[in-house]
Amino acid sequence: MSETPSRDFIRQIIHDDLESGKHSEIVTRFPPEPNGHLHIGHVMSICLNFGVAAENGGRTYLRLDDTNPGKESKEYVDAIKNDVHWLGFDWEDRLTHASDYFGELYESASRLIESGGAYVDSLSADEIREHRGTLTEPGRNSPYRDRSVEENMDLFRRMREGEFGDGEHVLRARIDMSSPNMNLRDPALYRIRHIEHQNAGDEWCIYPMYDFAHTMSDAYEHITHSLCTLEFEDHRPLYDWFLDQLEPPHRPRQIEFSRLNLAYAVTSKRKLNALVEEGIVSGWDDPRMPTIAGMRRRGYPVASLREFVARAGVTKKDKLIEMGVMENCVRETLGEQAERRMGVLRPLKVVLTNYAQDQVEMMEAMNHPARPELGTREMPFSRELYIERDDFMEDAPRKFFRLKPGGEVRLRFGYIIRCDDIVRNESGEVVELHCSYDPDTRSGTGSSDRKVKGTIHWVSCEHAIDASVRLYDRLFTVVNPNAESDFHSVLNAQSLETVEAKLEPSLGELPVGQAVQFERLGYFCADEKDDAPAARVLNRIVTLRDSWAKLEKQAMQEQG
RNA sequence: UGGGGCGUAGCCAAGUGGUAAGGCAUCGGGUUUUGAUCCCGUGUAUCGCAGGUUCGAAUCCUGCCGCCCCAGCCA
């Protein structure tokens, strides 16, 4: 009866550590650098770090890894806090910065110097690179590698005092220039940067490097499990080296897992930034962006994002997850939550020739077919309506059970109508349909149980409200744009289409932040930036599954 | 051609010597006033390949192949 849920390897390690008594409390951290916006890959890390701690009654720090001033800024810090919060995670009083520990870090570095574990190098950056060797050749020791402890201490102190210019000296760990692991070839620990820091101000002109700052910050915060992505795997020997040398009272353990890649999307900071800078998208929060801000603005519910990363799993295998998995997660949560409405994206006018000129009937429509407690609303029905252009086809195949010449279709929550005439413009395009309705088929009256195969959505012309609706598609045309040398060649030119839609009147009050389903079309929400009461702007979050579109596509392919 | 990591169905993923879970997708079928939802059913997976150990291997051993990461005073 007690089926043991299969745990991912990290949760298994944590479970074992708790059971063996190695740890009595789990402490994790999510450590983004505030130099860019968070994206879907970070969602994975956030859910893992906060999730694993919460599941075990532990704690999680939100730590801004701000050791490289000049690249980092307060705006990013604020955006990151906002994003993590939106995802539903609470760091309580555990918002920290690597820069909060600059003092401790300086002390730790000094101790390292005293014990001979670090030295001040005065080679230039280029010279250091030359000395580093290559993947297959060992590096060479710097001529400054054997300075005395006293000299190193003096130099390091003076570096801090601001006596030297940027790049004049650097503090390096003294490990092994011939190590096959490049990270162990005397990595830099501190560099001189006469630049203001977004959090520490102008207190410092030397700043610690990632490996040192990150390891020690983990130790200072008593992090038990330091979870990071695979590319840091060969940094772990260095991580452990710092801990061995400095022997902090709490010893964290670094564990690596694979990043989550989303098909048809890029997540590298450089590429995301280029999309914004080059104006290919409207900003970091463009609804096509895989950033948290973008997905939020697009209308993806938090629950769907969490479900998505849960489905992706935690392993060490590189993964490229299909866009469909994300979309299905969104459909699942919205399908249950979102109220139903009607909207016509590409309107085609229909005149009901046998319907009284100024008659208006109020049709009762369910807000959710599976949740009657969500109630109903009324939709005005009149002689002139809009239907979806796609719901009419002149030369329809037999499988097309929507409106066709002489054919019948049910108007959802309305009447059954028959298409009698087609009105065309000078160039022959269909601009209007003349139809007749069957008065005995009013929805819900039960006066006629006549059935027709198709049901389509509609909106009353006179009562409809106008809206610009943005239809989004993937930003790239290839499944893994990350692998492309130049992503510009694989951009999807059709990733955004804006249509002027006609919506049922109740949509005039749709609040920003609330998603609705347009029946038969998909899920939509008001755009948090561009929507205005007088000029509604909606985003299509995701389409509904569309088996007709699939059939059409197959038919097209069969025809060649 | 140095080091580290990874290879189970289209995409994820369990499995840790006893004869391949599950999810998503796919493909059938049923219900349906959303071609949605829902419900049923559906997979010859050479467990990267080749050897070996064993009564028995996805699991252990050896060799090979493929993919990813590392030569920032970035993180």
Side-chain angles (χ1 to χ4, degrees), chain A residues 6-8 31-33 35-36 65-68 71-72 98 121 123-125 128-129 132-139 166-172 178-185 187-193 206-207 209-211 213-214 228-237 256 258-260 263 269 310-325 327-329 331-332 335-336 340 342 366 368-370 399-402 409-414 416 441 443-444 451-457 479 517-522 543-551:
Chain A
S6 102
R7 282 180 271 258
D8 59 66
E33 182 188 11
N35 72 339
D65 213 340
D66 54 356
T67 55
N68 192 8
K71 285 195 172 178
E72 298 151 0
D121 197 351
L123 249 25
S124 69
I128 286 180
R129 187 179 325 115
R132 186 155 26 235
T134 68
L135 294 178
T136 51
E137 299 158 18
D166 290 5
E168 269 187 66
H169 303 286
V170 62
L171 183 71
R172 292 228 259 167
S178 64
S179 171
N181 181 343
M182 301 297 286
N183 296 114
L184 265 19
R185 320 245 264 227
L189 265 33
Y190 263 93
R191 74 288 219 184
I192 300 170
R193 283 261 195 294
I206 57 172
Y207 295 97
M209 300 290 290
Y210 163 82
D211 288 291
H214 194 262
C228 63
T229 41
L230 244 33
E231 65 268 30
F232 293 104
E233 204 146 22
D234 17 272
H235 290 241
R236 181 156 27 97
E256 312 83 14
S258 62
R259 311 173 60 121
L260 179 164
K269 264 174 195 164
R311 285 183 193 183
V314 180
T315 64
K316 301 190 70 158
K317 188 170 118 180
D318 292 338
K319 51 185 123 214
L320 211 206
I321 301 181
E322 294 169 338
M323 192 63 113
V325 177
E327 293 177 341
N328 277 318
C329 291
R331 289 186 183 114
E332 274 178 37
E336 194 187 314
R340 264 104 254 229
M342 287 203 226
M366 274 187 297
H368 193 119
K399 296 275 273 294
F400 183 84
F401 38 88
R402 276 117 90 163
V409 75
R410 162 137 240 143
L411 294 177
R412 175 93 159 139
F413 301 127
I416 290 176
T441 57
S443 184
K451 298 254 181 200
V452 288
K453 183 65 176 162
T455 300
I456 64 173
H457 57 97
V479 67
Q517 181 195 98
F518 286 2
E519 296 211 20
R520 307 207 309 128
L521 296 176
T543 63
L544 248 33
R545 264 206 194 79
D546 188 346
S547 53
W548 168 251
K550 201 186 297 172
L551 281 177

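Quantities reported herein were computed from a predicted structural model and do not represent experimental measurements. Every chain is numbered from 1 and lettered A, B, ... according to where its sequence line falls, protein lines coming before strand lines.
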Subject >> Gap in Å between the two C1' atoms, one belonging to B/rU19 and one to B/rA36, rounded >> reply: 42 Å
Original post:
How many angstroms lie between NZ in A/Lys269 and NZ in A/Lys71, if you round to the nearest 0.5 Å?
Top reply: 9.5 Å
Original post:
Considering all heavy atoms of both residues, which atom of A/Met182 and which atom of A/Thr134 are nearest to each other, and what is their separation?
Top reply: SD-O, 3.8 Å
Original post:
With rounding to whole Å, what would you report as the distance between B/rG66 and B/rC60 at their P atoms?
Top reply: 23 Å
Original post:
Between A/Glu336 and A/His368, what is the shortest heavy-atom contact and its length?
Top reply: O-CE1, 3.1 Å
Original post:
If the P atom of B/rU32 is compared with that of B/rG18, how far apart are they to the nearest Å?
Top reply: 48 Å
Restricting to nitrogen or oxygen on both sides, can you table the protein-nucleotides 37-40 of chain B pairs closer than 3.5 Å?
from	atom 1	to	atom 2	distance (Å)
B/rU37	OP1	A/Arg545	NH1	2.1

Original post:
For the base of B/rU33, is there a side-chain donor-acceptor partner from A/Arg412 under 3.5 Å away?
Top reply: no
**OP:** Compare the minimum distances between each of B/rU33, B/rU1, B/rC24 and the side chain of A/Lys451, then state the nucleotide with the smallest one.
**Re:** B/rU33
**OP:** Nearest whole angstrom, please: distance from the P of B/rU34 to the CD1 of A/Ile416.
**Re:** 13 Å
Original post:
What nucleic acid atoms does A/Glu256 come within less than 4.0 Å of, heavy atoms only: base, sugar-phosphate, or nothing?
Top reply: nothing
Original post:
Does a sphere of radius 6.0 Å around CD in A/Glu231 hold more than 12 heavy atoms from other residues, nucleotides or ligands, not counting ones at 6.0 Å or beyond?
Top reply: yes
**OP:** Using heavy atoms to find the nearest nucleotide of RNA chain B for A/Thr315 and A/Lys453 separately, return the residue whose nucleotide is more 5′.
**Re:** A/Thr315
Original post:
How many Å lie between CE on A/Met366 and P on B/rU33, as a whole number?
Top reply: 10 Å
**OP:** Please determine if a side-chain N or O atom of A/Lys319 lies less than 4.0 Å away from the OP1 or OP2 oxygen of B/rC6.
**Re:** no
Original post:
Distance from A/Asn35 atom CG to A/Asn68 atom CG, nearest 0.5 Å?
Top reply: 8.0 Å
Subject >> A/Leu260 CG - B/rC24 P separation (whole Å) >> reply: 18 Å
**OP:** Could you tell me the separation between the CZ atom of A/Arg185 and the P atom of B/rG4, rounded to a whole number of Å?
**Re:** 13 Å
**OP:** Classify the nucleic acid contact of A/Phe401 as base, sugar-phosphate or nothing, counting any heavy atom under 4.0 Å across all strands shown.
**Re:** base
**OP:** Summarise protein proximity over nucleotides 69-75 of chain B in one line of letters, 5' to 3': B for base, S for sugar-phosphate only, - for none, counting protein heavy atoms closer than 4.0 Å.
**Re:** BBBSBSB
Subject >> salt bridge (charged side-chain N to carboxylate O under 4.0 Å, His left out) partners of A/Asp66, counting only residues at least two apart >> reply: none
**OP:** Compare every heavy atom of A/His457 with every heavy atom of A/Glu519, then report the nearest pair and how far apart it is.
**Re:** O-CD2, 3.6 Å
**OP:** Please state whether the phosphate of B/rU34, meaning OP1 or OP2, lies under 4.0 angstrom from any side-chain nitrogen or oxygen of A/Thr455.
**Re:** no
Subject >> Euclidean distance for P, B/rA21 against B/rU42 (whole angstrom) >> reply: 13 Å
**OP:** Starting at atom CD of A/Glu327, determine the distance to atom P of B/rU26, rounded to an integer number of angstrom.
**Re:** 12 Å
Original post:
So, for A/Phe413 and A/Met342, which heavy atoms are closest and what is the spacing to 0.1 Å?
Top reply: CD1-CE, 3.5 Å
**OP:** Report the distance from atom CZ of A/Arg7 to atom C1' of B/rA14, rounded to the nearest whole Å.
**Re:** 14 Å
**OP:** Ignoring hydrogens and angles, answer whether the base of B/rG10 and the side-chain atoms of A/Glu322 contain a donor-acceptor pair closer than 3.5 Å.
**Re:** yes
Original post:
To the nearest Å, how far apart are A/Phe413 CZ and B/rU34 P?
Top reply: 8 Å
Original post:
Contact class for A/Lys399 (heavy atom, under 4.0 Å): base, sugar-phosphate, or nothing?
Top reply: base
Original post:
Between atom CD in A/Glu137 and atom C1' in B/rG2, what is the gap in whole Å?
Top reply: 10 Å
**OP:** Using only side-chain N and O atoms of A/Lys316, determine if any of them is under 4.0 Å from OP1 or OP2 of B/rG7.
**Re:** no
**OP:** Verify, without hydrogens or angle tests, whether A/Asn181 (side chain) and A/Asp234 (backbone) share a donor-acceptor contact under 3.5 angstrom.
**Re:** yes
Original post:
For RNA chain B, what dot-bracket results from Watson-Crick or G-U pairs at under 3.5 Å, with [ ] for crossers and | for inter-strand partners?
Top reply: .(((((((.[[[..)..(...]]]..((((.......))))......[[[[[..)....]]]]])))))).....
**OP:** Kindly indicate whether the side chain of A/Arg410 and the base of B/rU33 share any N or O donor-acceptor pair separated by less than 3.5 Å?
**Re:** yes
Subject >> Presence of salt bridge, A/Glu332 and A/Arg311, under 4.0 angstrom >> reply: yes
**OP:** Report the residues that fulfil salt bridge (charged side-chain N to carboxylate O under 4.0 Å, His left out) with A/Asp546, sequence neighbours left out, ordered by chain and then residue number.
**Re:** none
**OP:** In whole angstrom, give me the gap between the C1' atoms of B/rC49 and B/rG7.
**Re:** 11 Å
Original post:
When you check the gap from the basic side-chain N to the acidic O, do A/Glu233 and A/Lys316 get nearer than 4.0 Å?
Top reply: yes
Original post:
Residues two or more places apart in sequence or in another chain: which of them pass side chain to side chain contact (heavy atoms under 4.5 Å, CB included) with A/Asp65?
Top reply: A/Pro31, A/Thr67, A/Ala98, A/Tyr210, A/His214
Original post:
Do any side-chain nitrogens or oxygens of A/Lys317 fall under 4.0 Å of OP1 or OP2 in B/rU8?
Top reply: yes
Subject >> Interatomic distance at C1', B/rU8 relative to B/rG41, whole Å >> reply: 25 Å
Subject >> Interatomic distance at C1', B/rG63 relative to B/rG28, whole Å >> reply: 45 Å
**OP:** Provide the distance between the two P atoms, one in B/rU46 and one in B/rA20, to the nearest whole Å.
**Re:** 14 Å
**OP:** Kindly indicate whether the side chain of A/Ser443 and the base of B/rU33 share any N or O donor-acceptor pair separated by less than 3.5 Å?
**Re:** yes
**OP:** Based on the glycosidic angle (syn within 90° of 0, else anti), state the conformation of B/rG72.
**Re:** syn
Original post:
Is a donor on one side and an acceptor on the other found under 3.5 Å between the side chain of A/Arg193 and the backbone of A/Asp166?
Top reply: no
